[in-house]
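Atoms within each ligand, like the ligands themselves, are counted from 1 in listed order. FYI, side chains are in, hydrogens and waters are out, and symmetry mates aren't considered; it's all heavy atoms of this structure. Quick note: residue numbers are just sequence positions, from 1.
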Amino acid sequence: MSQSSQAIAALQEKLIAKDAHQPEFLQALEEFLPSIVPFLEDHPEYLEKNIVELMVEAERIIQFRVPWQDDQGNWQVNRGFRVQFNSVIGPYKGGLRFHPTVDLSILKFLGFEQVFKNSLTGLPIGGGKGGSDFDPKGKSDSEIMRFCQSFMTELYRHIGPSLDVPAGDIGVGGREIGYLYGTYRRLRGAEAGVLTGKGLDYGGSLVRTEATGYGLVYFVKHLLKEHQDSFEGKTVQVSGSGNVAIYAIQKVQEYGGKVITCSDSNGYIVDEAGIDLALLKEIKEVKRQRLTEYQKARPQAQYFEGSVWNCRSNIDIALPCATQNEINEDHADILIANGVKIIGEGANMPTTLTAVKKIQAADIIYCPGKAANAGGVAVSALEMAQNSQRLNWSFEEVDQQLDQTMATIYKTCKETAEKYSHKDDLLTGANIAGFAKIAKVMLAQGLV
Ligand code: NDP
């Protein structure tokens with residue numbers, strides 16, 4: 001065992017003892033830390049200056065009470081959080097998640113990953129994440145509005161266009177960003193650059209809604225191109241039916257691929273003829289209904305309860321776009337049996353560690369979320385740039401920049417992987433490339 005491996009193993013032990021009650025955060029560290037060892041061998045100064053231990057500690061964590069009134073007049077209370085992980089290359093940037101499972105473990109894992117994802121985009125944005133254990137499901141529009149107003153009544157003190165710029169994530173889309181921004185504006189004035197994912201009429205950017213899903217498909221497109229291949233004629237399995245999933249499906253279909261599945265937290269659709277995107281958008285974006293409605297409207301499709309990763313069908317490419325740890329070891333076995341060749345993560349950490357190991361051992365190309373889903377934050381940074389300029393760029397201009405950014409991220413991951421591991425080990429490539437930049441800047445800014 002090399003000195004660097006020993007140092008990283010000792011650090012991991014220390015962190016496990018410190019944050020034993022934060023399983024998702026520890027999982028993100030376990031996936032990340034061993035993979036940067038080859039780079040640390042070349043750069044002993046980072047271990048000497050203890051940069052890695054500094055980096056795994058968030059710069060600041062804010063937790064607050066969010067009281068709100070439901071439609072029956074009862075007072076409810078939820079927890080609000082903002083994890084400001086690292087700002088050495090720019091203002092904290094990362095989404096807000098509203099979901100009952102939100103806690104510090106989830107937000108620290110997301111904030112930690114966000115630091116390296118944002119670093120990979122090449123744009124001047126630091127990493128953060130926030131949200132609440134509020135469950136938007138089944139709430140009326142008025143309840144959502146009152147909750148968002150209360151949430152921002154505290155959060156506004158801690159964010160700003162040059163300090164921390166939140167966006168959406170699970171449970172936070174255009175509607176919620178609108179209510180959050182309206183409250184911020186009443187308290188602080190019209191600073192459009194404080195949030196991204198805004199409506200087009202008040203500072204939003206074209207392509208932001210599509211960005212994560214499109215970006216994921218662009219990333220995989222560049223990978224396929226490298227292997228003299230394309231999406232044309234490929235069968236694709238997608239999970240989720242939210243923002244990321246819908247626009248990933250749209251772009252795959254545009255490229256001539258056939259997406260045969262989508263899911264929500266109750267079950268999944270298998271539509272061998274290919275997902276009817278207009279119908280899916282109507283159900284999810286307009287009516288906010290469950291996926292069972294899809295099957296009712298399209299009887300030739302099948303609906304099953306449970307995880308979409310139990311689906312047995314021939315698949316070329318899998319795009320998990322729902323949530324963390326949705327693909328476990330058993331699902332990995334099914335994917336291998338289904339003949340999948342590429343897994344591209346639209347969601348953050350959707351694949352458990354043991355599943356990733358199985359997938360890589362089976363020579364399936366694994367595209368980690370922190371690289372493959374960076375399109376959303378990349379376009380958010382373009383939204384910030386437009387807000388500063390007080391200009392709106394065209395759809396084509398933003399879309400082209402998104403495609404170019406994903407091409408660059410793919411190339412960076414691949415070349416870094418080639419140097420420190422092997423060509424298709426994009427996980428090692430992404431982790432080392434993301435880490436190298438942050439570590440260098442931390443040293444340059446004298447943060448040790
Ligand atoms: P949405 O809220 O729009 O959609 C989430 C989808 O995932 C829904 O279909 C939801 O089903 C499903 N889902 C959520 N939790 C679970 C669960 N525990 N089990 C099964 N299905 C679940 O979120 P997004 O599309 O924005 O985000 C999806 C993923 O992509 C997340 O991991 C997020 O962090 C990541 N991501 C998002 C970005 C963005 O720009 N939005 C940027 C980068 C990453 P249901 O409606 O039943 O809850």
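Between R146 and D71 there is a salt bridge, since at least one side-chain N of the basic residue sits less than 4.0 Å from a carboxylate O of the acidic one. A salt bridge does not link K414 to D424: none of the charged side-chain nitrogens sits closer than 4.0 Å to a carboxylate oxygen. Ion pairing of K221 with D403 is present here, as a side-chain N (NZ or NE/NH1/NH2) and a carboxylate O approach within less than 4.0 Å. We find that R157 and E154 are joined by a salt bridge, their nearest charged nitrogen and carboxylate oxygen being less than 4.0 Å apart.
For atom 29 (C) of ligand 1, the nearest non-hydrogen atom from the set S265, A372, A322 belongs to A322. Counting only non-hydrogen atoms, the option in Q289, R290, K137 that gets closest to atom 48 (O) of ligand 1 is K137. Taking only non-hydrogen atoms, the option from T323, V308, L291, I170 nearest to atom 19 (N) of ligand 1 is T323. Among T212, N348, T196, V172, the residue whose heavy atom lies closest to atom 38 (C) of ligand 1 is T212.
Within the cation-pi definition used here (under 6.0 Å to the ring centroid, within 45° of the axis), K129 does not qualify as a partner of F81.
Separation of the Y303 and Y294 ring centroids does not fall under the 6.0 Å cut-off. Checked against the 6.0 Å centroid threshold, Y179 and F151 do not count as a close aromatic pair. Ring pair F134/F147: centre-to-centre distance below 6.0 Å.
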Using the rule given for ring pair (Phe, Tyr, Trp, His ring centres under 6.0 Å), can you reason through F85 versus Y92, listing the C-alpha separation, both sets of side-chain angles and the distance that settles it, and then say yes or no? CA-CA 7 Å; F85 223 105; Y92 307 104; 9.4 Å; no

Between Y366 and E345, does a side chain to side chain donor-acceptor pair (under 3.5 Å) hold up when you go through it step by step? CA-CA 8 Å; Y366 167 74; E345 295 185 335; 2.8 Å; yes

Test side chain to side chain donor-acceptor pair (under 3.5 Å) on T196 and R208; report intermediate values, then the result. CA-CA 8 Å; T196 58; R208 178 58 191 90; 4.7 Å; no

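For atom 4 (O) of ligand 1, the closest non-hydrogen atom of the protein is G242 CA, 3.3 Å. Among all protein heavy atoms, the one lying closest to atom 2 (O) of ligand 1 is G171 N, 3.0 Å. Of all protein heavy atoms, the one closest to atom 25 (O) of ligand 1 is V244 N, 2.9 Å.
The shortest separation from a heavy atom of Q324 to ligand 1 is not under 4.0 Å, leaving the residue out of contact. Using a non-hydrogen distance threshold of 4.0 Å, G346 registers as a contact of ligand 1. Ligand 1 does not have G375 within reach: every non-hydrogen atom of the residue lies 4.0 Å or more from it. In this structure, M349 has no heavy atom closer than 4.0 Å to ligand 1.
Heavy-atom contacts of A347 reach the following atoms of ligand 1: 29 (C), 30 (O), 32 (O), 35 (C) (cutoff under 4.0 Å). Residue H99 has at least one heavy-atom neighbour below 4.0 Å for each of these atoms of ligand 1: 15 (N). Contact atoms of ligand 1 toward S263: 9 (O) (distance under 4.0 Å to a heavy atom of the residue). Close contacts of ligand 1 with R97, meaning ligand atoms under 4.0 Å from a residue heavy atom, involve 31 (C), 32 (O), 33 (C), 34 (O). Proximity to G240 (heavy-atom distance under 4.0 Å) selects the following atoms of ligand 1: 9 (O). Contact atoms of ligand 1 toward R208: 40 (O) (distance under 4.0 Å to a heavy atom of the residue). Close approach to S241 involves these atoms of ligand 1, each under 4.0 Å from a residue heavy atom: 9 (O).
Taking only nitrogen or oxygen atoms, main chain and side chain alike, N373 does not reach within less than 3.5 Å of ligand 1. Remark: ligand 1 and C321 share no N or O pair separated by less than 3.5 Å (distance only, no angle test). Ligand 1 has no N or O atom lying under 3.5 Å from any N or O atom of L110, backbone or side chain. The shortest N/O to N/O separation between N243 and ligand 1 falls below 3.5 Å. Polar contact check, K117 against ligand 1: no nitrogen or oxygen pair lies under 3.5 Å apart.
Y255 and K234 share no donor-acceptor pair across their side chains, judged by distance under 3.5 Å alone. A donor atom on one side chain and an acceptor atom on the other are found under 3.5 Å apart for K370 and N431.
Ring geometry for F116 against F112 counts as perpendicular: the plane angle is over 60°, on a 0 to 90° scale with 30° as the lower cut.
With a 4.0 Å heavy-atom cut-off, ligand 1 is reached by no atom of E326.
Remark: of the listed residues Q114, K117, R97, Q324, K117 is the sole one forming a side-chain hydrogen bond (donor to acceptor under 3.5 Å, both in side chains) with N348.
Under the 4.0 angstrom criterion, atom 33 (C) of ligand 1 counts as having a protein heavy-atom contact.
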